[in-house]
Amino acid sequence: MTFAATVLTLYPEMFPGPLGISLAGRARDEGKWSLDTVQIRDFAIDKHKTVDDTPAGGGAGMVLRVDVLAAAIDHARAAHPDCPVIAMTPRGRPLTQARVRALAAGPGVTILCGRFEGFDERIFEGRQVEEVSIGDIVLSGGEPAALMLLDACIRLLPGVMGAPSSGSEESFENGLLEYPHYTRPQEWEGRTIPEVLRSGDHAKIAAWRKAQSEVDTRSRRPDLWERHEGARVQSASGARREKKD
Ligand code: SAH
């Protein structure tokens, strides 16, 4: 099955961009995913091909018109009726690896890229568009965010990543950051590789990695750690309840 990516943008020349090389580029050549870009401007309704207008209520910048956006979305949906439509916006739900995994397991994704001040709010309910943010930062346009989302999906598609196991232990997959990695040389500027990793004792190595992953998550990402611990406590008490029943 080919994962169908469709990007609605005012700058189609930004695609495939980085997704045309390396892993993603090869996967596209092999037909594991496809890319269509839709020029939003083609759906403007006046002879000047206007896509934006001044914000209602006043203020700086310009807002993408809802009627133009709707026409572009309708066009894309006709081609890929089963693909969810996602708008990249800092006001959206923060993107997670779980959402990426769910998207990668589906038929594809249609992505709407904003520019200027963003979208007329009515588009989201009016066309059942999911709002997604890539983090608490503000970009000048949705295109780099769309590239990011697609990159994260594509590497999870069957047969794209070299070793199939390299996905499951990674950061966020189990609610934790991954353990740190090392490779040769054994000693570099006086710094050595942790002794345990050279022991050849697989059980000891696994235990060390698990401990590192927990220590690093706790210190670097207390938010992730809290959620992880919350889930653990909940599932443990669930198991206890089940035993009693
Ligand atoms: N005025 C908006 C920002 C507009 S930035 C606000 O303050 O919320 C212009 C476009 O860049 C947005 O429409 C969106 O498509 C994209 N963009 C900017 N930051 C983003 C983020 N963190 N995640 C996803 N898309 C983003």
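We count ligands from 1, going down the list as the structure has it; atoms in each ligand are counted the same way.
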What do we get for Ser140 next to ligand 1 when only non-hydrogen atoms under 4.0 Å count, side chain, backbone, both or neither?
backbone

With a 3.5 Å distance limit and no angle check, can you tell me whether Ser133 reaches the backbone of Gly135 through a side-chain donor-acceptor pair?
yes

Is there at least one pair of N or O atoms, one from Gly114 and one from ligand 1, spaced under 3.5 Å apart?
yes

Would a search of protein heavy atoms around atom 7 (O) of ligand 1 find one under 4.0 Å away?
no

Looking at ligand 1, does any of its N/O atoms fall within less than 3.5 Å of an N/O of Cys113?
no

Salt-bridge present (Glu143, Arg115; N to O < 4.0 Å):
yes

State whether the side chain of Thr217 and the backbone N or O of Leu177 hold a donor-acceptor pair below 3.5 Å, judged by distance alone.
yes

Atom 24 (C) of ligand 1 - nearest protein heavy atom and its distance
Thr89 N, 3.4 Å

Close N or O approach (Met88, ligand 1; < 3.5 Å):
yes

Testing the basics here: between Cys113 and Phe119, what is the closest heavy-atom pair and its distance to 0.1 Å?
C-CZ, 3.8 Å

Nearest-neighbour protein heavy atom for atom 20 (C) of ligand 1, which is reported as residue plus atom name and distance:
Pro90 CD, 3.5 Å

Taking NZ, NE, NH1 and NH2 as the nitrogens, is one of them in Glu173 or Arg101 under 4.0 Å from a carboxylate oxygen of the other?
yes

Atoms of ligand 1 less than 4.0 Å from Gly118 heavy atoms?
13 (O)

For Val7, is there any backbone N or O sitting under 3.5 Å from a side-chain donor or acceptor partner on Thr37?
no

Run the numbers for me: atoms of ligand 1, each under 4.0 Å from some heavy atom of Phe116, listed by number.
4 (C), 5 (S), 9 (C)

Would you call Arg191-Glu189 a salt bridge at under 4.0 Å N-O?
no

Suppose we measure from atom 22 (N) of ligand 1 to each protein heavy atom; which comes out shortest, and what is that distance?
Ile137 O, 2.8 Å

I'd like to know if Glu226 pairs up with Arg218 as an ion pair, taking the criterion as any Lys NZ or Arg NE/NH1/NH2 lying under 4.0 Å from an Asp or Glu carboxylate oxygen.
no

Leu139 N/O to ligand 1 N/O under 3.5 Å:
yes

Report the part of Ala145 in contact with ligand 1, treating N, CA, C, O as backbone and CB onward as side chain, heavy atoms under 4.0 Å; options are side chain, backbone, both, neither.
side chain

Quick one: pull up CG in Leu112 and OG1 in Thr89 and give me the separation to the nearest 0.5 Å.
10.0 Å

Say whether Ile134, considering both its backbone and side-chain N or O atoms, lies within less than 3.5 Å of an N or O atom on ligand 1.
yes

Which residue in the set Arg26, Arg28, Lys32 passes side chain to side chain donor-acceptor pair (under 3.5 Å) when paired with Glu30?
Lys32

Report, in ascending order of atom number, the atoms of ligand 1 lying under 4.0 Å from any heavy atom of Gly135.
22 (N)

Ligand 1 to Glu117 polar contact by distance, N or O atoms, under 3.5 Å
yes

